[in-house]
Asks: 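Please see the structure below; I have some questions.
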Amino acid sequence: MSVEPRSNFLRTQIQADLESARVSALVTRFPPEPNGYLHLGHAKSISVNFGLAEQFGGHCHLRFDDTNPEKESQEFIDSIQEDVRWLGYQWQGEVRYASAYFNQLYEWAMYLIDQRLAYVCDLSAEEARDYRGTLTEPGRNSPFRERSVDESRDLFARMRQGEFAEGARVLRAKIDMGAANMNLRDPILYRIRHASHHQTGTEWPIYPTYDFAHGQEDAIEGITHSICTLEFEDHRPLYEWFVEHLPVPHTPRQIEFARLNTSYTITSKRKLKQLVDEEVVIGWDDPRLPTIAGLRRRGYPAAAIRHFCEEVGTSRSDSTADVAMLESAVRDHLNQSAPRRMCVMKPLRVTLTNLPDTLLLDVRNHPADLDFGSRQLSMGAELFIDQDDFREEANKHFKRLVLGKRVRLRGGLVIEADRCDKDAEGEVTQVFARCVTSVPGADPEDGLKPKGVIHWVSADEAVPATIRRYDRLFGVPEPAREQDLMAAVNPHSLIVIDTAMIEPGLVNATPEAGVSV
RNA sequence: UGGGGCGUCGCCAAGUGGCAAGGCAGCGGGUUUUGAUCCCGCCAUUCGGAGGUUCGAAUCCUCCCGCCCCAGCCA
């Protein structure tokens with residue numbers, strides 16, 4: 001169930017870079033900030049980065065972009081690693097951390113100050129915003145822009161020593177306050193944060209911004225293609241500015257692709273958190289969530305998620321993939337990998353009036369693949385079928401059990417319903433049926449083959465169980481566009497059926513997969 | 001109305017001047033001990049629109065239209 005790598009602009013570009021010997025071997029990276037759980041959108045990025053490395057015989061690093069301690073934690077570092085491994089990928093070497101490069105980044109910041117390309121600015125956040133200008137008007141130079149190299153060096157060193165309060169000063173690059181690209185209007189390189197960092201503790205009172213860190217991290221690690229999402233496109237000139245003006249050991253290249261959106265779900269961290277906080281779902285690994293942990297609990301195979309990411313393609317146009325594509329990939333994989341079992345949701349007792357002895361059946365675990373083997377199931381005179389699988393009378397379209405008609409019990413005999421009992425409300429409480437075959441799997445001798453096959457469980461062996469049926473969390477295709485997210489929640493996304501009866505072998509099942517009626 | 005991007009079938013998406021792949025969804029039909037699977041067939045004279053260049057354009061040029069991103073000391 002693998003998918004042939006399809007042509008896309010990334011593969012075309014990398015192929016060209018390899019052929020022109022611009023790079024000798026591909027090195028990519030998946031660089032999450034450890035500030036939340038991974039979701040389907042991350043799976044796409046993981047698939048792109050690790051997949052490309054795999055295809056071109058290169059390497060992919062896992063790097064935590066941990067430049068903002070206030071939002072991050074070890075819990076996320078652990079869960080992210082678990083999710084990447086579960087998806088089936090292995091990063092090259094040890095896990096990397098942006099924080100491991102803090103010393104180098106600090107030295108490079110000093111280097112820029114020496115080059116008169118960076119300065120310490122004392123403007124408050126509000127003032128800086130005012131000086132920055134707007135989308136249509138240029139900004140104004142900070143009054144601290146021409147501060148001497150010595151003074152900036154001294155101030156920056158003291159920022160690093162923890163001498164100043166948060167927000168008191170920042171280090172900025174000296175580029176162009178009139179640039180049409182806002183990112184070039186003297187961007188902030190370092191800010192003061194008196195926070196404890198999960199990796200470096202209280203060693204650093206200042207932290208580099210994403211812009212000042214990312215390209216340099218890529219350069220340090222020898223990343224050849226730094227693949228990110230479209231919203232960073234405007235940052236590329238800045239990314240290149242740092243790589244160009246700093247004595248970095250390598251020249252990485254940033255390429256952007258469109259992030260993955262999937263219909264009927266959301267991947268916004270803020271909105272996912274809202275669902276968890278307001279208990280619309282039960283935790284970050286709720287099977288209705290598009291988090292990797294949720295998808296895993298839902299029984300989605302990692303291979304199916306990879307398949308979906310490949311099949312949906314990689315381009316630069318904003319799009320929303322139909323969740324049906326994901327579901328199709330999941331069905332494809334499950335169809336091949338899931339052993340089959342039986343259960344009934346709403347049990348209806350069936351008594352076989354002419355069954356001489358309890359039969360011991362050998363039932364196959366997969367309809368097409370013999371390698372799945374079989375299991376033993378006993379079929380006595382008392383069994384349960386699903387209430388929905390029986391009607392006193394029905395038209396041609398109903399292929400299940402009807403009074404006076406036949407049906408095959410999956411893996412067992414063909415039976416014919418003779419009569420049924422009903423309660424005061426007229427609800428059928430029990431069906432009396434007759435076996436019209438005596439050999440499992442055989443067709444009736446009179447040639448009247450049943451039209452349908454239904455699930456059943458033996459009354460002796462069946463085990464009561466609670467079944468949770470999950471459906472799409474939202475009732476609209478693009479919940480992210482809804483003004484009122486909560487109003488778009490599908491009220492029937494979780495249906496708990498506590499009357500179910502399952503075959504005995506299912507008791508200790510993990511999120512493997514059975515098949516229901 | 002500043003800058004940067006994107007517009008190919010209902011949803012994704014290949015295609016990079018030579019005559020519109022594929023997947024998902026949908027619709028017919030067949031097989032079937034899961035109304036599943038599987039199999040067969042159908043599904044863009046047309047590529048946001050209008051001009052132009054060319055023997056020839058989704059691909060090149062011009063203008064227009066629509067959508068997305070950017071004014072965090074977030075990433």
Asks: Nearest of A25(B), G35(B), G5(B) to any side-chain atom of Leu230(A)?
Replies: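 Of all the options, the side chain of Leu230(A) is nearest to G5(B).
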
Asks: Measure from the side-chain heavy atoms of Arg132(A) and tell me the nearest of A71(B), A75(B), G5(B).
Replies: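 From the listed options, A71(B) comes nearest.
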
Asks: Describe the nucleic acid contact of Pro440(A) in one word from base, sugar-phosphate, nothing, applying a heavy-atom distance below 4.0 Å.
Replies: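 Base, at least one base heavy atom under 4.0 Å.
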
Asks: Side chains of Arg253(A) and Gln13(A): donor-acceptor distance under 3.5 Å anywhere?
Replies: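 Judged by distance alone, the side chains do pair up.
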
Asks: Using the side chain to side chain contact (heavy atoms under 4.5 Å, CB included) rule, pick out the option among Ile14(A), Asn49(A), Leu52(A) that qualifies with His225(A).
Replies: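 That would be Ile14(A); it is the only one of Ile14(A), Asn49(A), Leu52(A) passing the side chain to side chain contact (heavy atoms under 4.5 Å, CB included) with His225(A).
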
Asks: Hey, does the side chain of Arg191(A) come within less than 4.0 Å of C74(B)'s phosphate (OP1/OP2), counting only N and O?
Replies: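 Yes, such a contact exists.
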
Asks: Below 3.5 Å is the cut-off: list the nitrogen or oxygen pairs between protein and nucleotides 26-31 of chain B, distance only.
Replies:
none

Asks: Picking from C74(B), C70(B), A25(B), which would you name as closest to the side chain of Leu135(A)?
Replies: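 Closest of the options to the side chain of Leu135(A): C70(B).
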
Asks: Please say whether more than 12 non-hydrogen atoms of neighbouring residues, nucleotides or ligands are located less than 6.0 Å from CD in Glu393(A).
Replies: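 12 or below, so no.
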
Asks: If you compare every side-chain N and O of Arg316(A) against the phosphate oxygens of C6(B) (OP1, OP2), does one of them come in below 4.0 Å?
Replies: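 Yes, Arg316(A) has a side-chain N/O under 4.0 Å of OP1/OP2 on C6(B).
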
Asks: Please tell me if Ser319(A) has a side-chain N or O lying less than 4.0 Å from either OP1 or OP2 of A13(B).
Replies: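 Checking Ser319(A) against A13(B): at least one side-chain N or O falls below 4.0 Å of OP1 or OP2.
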
Asks: How about NZ on Lys174(A), more than 12 heavy atoms from neighbouring residues, nucleotides or ligands closer than 6.0 Å, or not?
Replies: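 Yes, NZ of Lys174(A) has more than 12 neighbouring heavy atoms, counting only those of other groups under 6.0 Å.
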
Asks: Taking the side chain of Phe232(A) as heavy atoms from C-beta outward, which of A75(B), C12(B), G15(B) is closest to it?
Replies: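 For Phe232(A), the side-chain atoms sit closest to A75(B).
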
Asks: If we take the C1' atom in both G15(B) and G7(B), what is their distance in whole Å?
Replies: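 The same atom, C1', in both gives a distance of 15 Å.
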
Asks: Report which part of the nucleic acid Ser124(A) touches: base, sugar-phosphate, or nothing (heavy-atom distance under 4.0 Å, all strands).
Replies: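 Here Ser124(A) touches the bases of the nucleic acid.
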
Asks: Taking the same atom, P, in G4(B) and in C40(B), what whole-Å distance lies between them?
Replies: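 It works out to 50 Å between them.
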
Asks: Which of the following nucleotides, A14(B), C73(B), A25(B), is nearest to the side chain of Asn8(A)?
Replies: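 Looking only at heavy atoms from C-beta outward on Asn8(A), the closest nucleotide is A14(B).
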
Asks: Base, sugar-phosphate, or nothing: which does Phe398(A) touch, judged by heavy atoms less than 4.0 Å apart?
Replies: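 Base, at least one base atom sits under 4.0 Å.
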
Asks: Using a 3.5 Å limit for the pairing distances, which stems of at least 3 consecutive Watson-Crick or G-U wobble pairs does RNA chain B take part in?
Replies: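 When the pairs of RNA chain B are grouped into runs of at least three, the stems are B:2-7 with B:65-70, B:10-12 with B:22-24, B:26-30 with B:38-42, B:48-52 with B:60-64.
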
Asks: Under 4.0 Å between any heavy atoms, over every strand shown, what does Leu123(A) touch: base, sugar-phosphate, or nothing? Just pick one.
Replies: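 It contacts base atoms.
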
Asks: For Asp130(A) and G72(B), give me the distance from atom CG to atom P, rounded to whole Å.
Replies: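 The distance from CG of Asp130(A) to P of G72(B) comes to 12 Å, rounded to the nearest Å.
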
Asks: Check for me whether Arg193(A) meets the cation-pi criterion with Tyr207(A), that is, NZ or CZ under 6.0 Å from the six-membered ring centre and within 45 degrees of the ring axis.
Replies: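 Not flagged: Arg193(A) not positioned over aromatic ring of Tyr207(A).
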
Asks: OP1, OP2 of C74(B) versus side-chain N and O of Thr67(A): anything below 4.0 Å?
Replies: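 No, because none of the side-chain N or O atoms of Thr67(A) sits under 4.0 Å from OP1 or OP2 of C74(B).
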
Asks: Could you check whether atom CZ of Arg481(A) has more than 12 heavy atoms from other residues, nucleotides or ligands sitting under 6.0 Å from it?
Replies: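 Atom CZ in Arg481(A) is not packed in, count stays at 12 or less.
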
Asks: Any idea which of G4(B), A75(B), G35(B) is nearest the Arg400(A) side chain?
Replies: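 Closest nucleotide to the Arg400(A) side chain: G35(B).
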
Asks: Tell me what Val453(A) touches on the nucleic acid: a base, only sugar-phosphate, or nothing, going by heavy atoms under 4.0 Å.
Replies: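 The answer is sugar-phosphate, as Val453(A) gets under 4.0 Å only of primed atoms, P, OP1 or OP2.
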
Asks: Are the ring centres of Tyr264(A) and Phe474(A) closer than 6.0 Å?
Replies: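 Here the rings of Phe474(A) and Tyr264(A) have centres that are no less than 6.0 Å from each other.
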
Asks: Could you check how far CD of Glu233(A) sits from P of C68(B), rounded to whole Å?
Replies: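 In whole Å, C68(B) P lies 16 Å from Glu233(A) CD.
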
Asks: Looking across every strand, which nucleic acid part, if any, lies under 4.0 Å from Thr134(A) by heavy atom: base, sugar-phosphate, or nothing?
Replies: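 Thr134(A): base contact, heavy atoms under 4.0 Å.
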
Asks: Just how far, in rounded Å, is C1' of C70(B) from CG of Leu238(A)?
Replies: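 Rounded to whole Å, this separation is 13 Å.
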
Asks: Answer yes or no on whether Arg169(A) is positioned over the face of Phe164(A), meaning its NZ or CZ is under 6.0 Å from the six-membered ring centre and within 45° of the axis.
Replies: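 Yes, Arg169(A) lies over the aromatic ring of Phe164(A).
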
Asks: Measure the distance from CG on Asp389(A) to C1' on G35(B) and round it to the nearest whole Å.
Replies: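 That distance rounds to 11 Å.
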
Asks: Starting at atom CZ of Arg259(A), determine the distance to atom P of C68(B), rounded to an integer number of angstrom.
Replies: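 It works out to 15 Å between those atoms.
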
Asks: Of His366(A) and Asn335(A), whose nearest nucleotide on RNA chain B comes first from the 5' end?
Replies: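 First, find each residue's nearest nucleotide; the 5'-ward one identifies His366(A).
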
Asks: Counting the atoms with a prime plus P, OP1 and OP2 as sugar-phosphate, which does Ala125(A) contact under 4.0 Å by heavy atoms, base, sugar-phosphate, or nothing?
Replies: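 Ala125(A): base contact, heavy atoms under 4.0 Å.
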
Asks: Grab the CZ-P distance between Arg193(A) and G72(B) for me, whole Å please.
Replies: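 The distance from CZ of Arg193(A) to P of G72(B) comes to 14 Å, rounded to the nearest Å.
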
Asks: Does the cation-pi check pass for Arg391(A) over Phe398(A), that is, NZ or CZ under 6.0 Å from the six-membered ring centre and within 45° of its axis?
Replies: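 Yes, a cation-pi geometry.
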
Asks: Is it the case that the ring center of Phe242(A) lies less than 6.0 angstrom away from the ring center of Phe212(A)?
Replies: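 Yes - the distance between ring centres of Phe212(A) and Phe242(A) falls below the 6.0 Å cut-off.
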
Asks: Say you pick atom P in A21(B) and the same atom in G52(B); how far apart are they, in whole Å?
Replies: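 A21(B) and G52(B) have their P atoms separated by 28 Å.
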
Asks: G5(B), A71(B), C12(B): which one has an atom nearest the side-chain heavy atoms of Arg129(A)?
Replies: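 The nucleotide sitting nearest to the side chain is A71(B).
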
Asks: Can you confirm whether or not the ring centre of Tyr210(A) sits under 6.0 Å from the ring centre of Phe232(A)?
Replies: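 Distance test on ring centres: under 6.0 Å, yes.
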
Asks: To the nearest angstrom, how far is Arg6(A) atom CZ from A21(B) atom P?
Replies: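 So the CZ-P distance, Arg6(A) to A21(B), works out to 15 Å.
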
Asks: Syn versus anti for G72(B), judged by chi lying within 90° of 0?
Replies: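 Syn for G72(B); the angle stays within 90° of 0.
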
Asks: Please determine if Arg410(A) forms a cation-pi arrangement with Trp456(A), meaning its NZ or CZ atom is less than 6.0 Å from the six-membered ring centre and no more than 45° off the ring axis.
Replies: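 That pair does not qualify as a cation-pi contact.
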
Asks: Counting heavy atoms from C-beta on, name the nucleotide in G3(B), G5(B), G35(B) closest to the side chain of Asp318(A).
Replies: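 The nucleotide sitting nearest to the side chain is G5(B).
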
Asks: Ignoring hydrogens and angles, are the base of G3(B) and the side chain of Asp234(A) linked by a donor-acceptor pair under 3.5 Å?
Replies: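 Result: at least one qualifying N/O pair found.
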
Asks: Can you figure out which of A14(B), G2(B), C11(B) approaches the side chain of Ala180(A) most closely?
Replies: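 The nucleotide sitting nearest to the side chain is G2(B).
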
Asks: Using the side-chain hydrogen bond (donor to acceptor under 3.5 Å, both in side chains) criterion, which residues pair with Asp218(A)? Sequence neighbours excluded.
Replies: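 Residues passing side-chain hydrogen bond (donor to acceptor under 3.5 Å, both in side chains) with Asp218(A): Arg63(A), Ser226(A), Tyr239(A).
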
Asks: Just the rounded figure in Å: distance from P of A75(B) to CD of Glu256(A).
Replies: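 Whole-Å distance recorded here is 18 Å.
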
Asks: Given G2(B), G4(B), C73(B), which nucleotide is nearest the side-chain atoms of Thr136(A)?
Replies: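 Out of G2(B), G4(B), C73(B), the nucleotide with an atom closest to Thr136(A)'s side chain is G2(B).
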
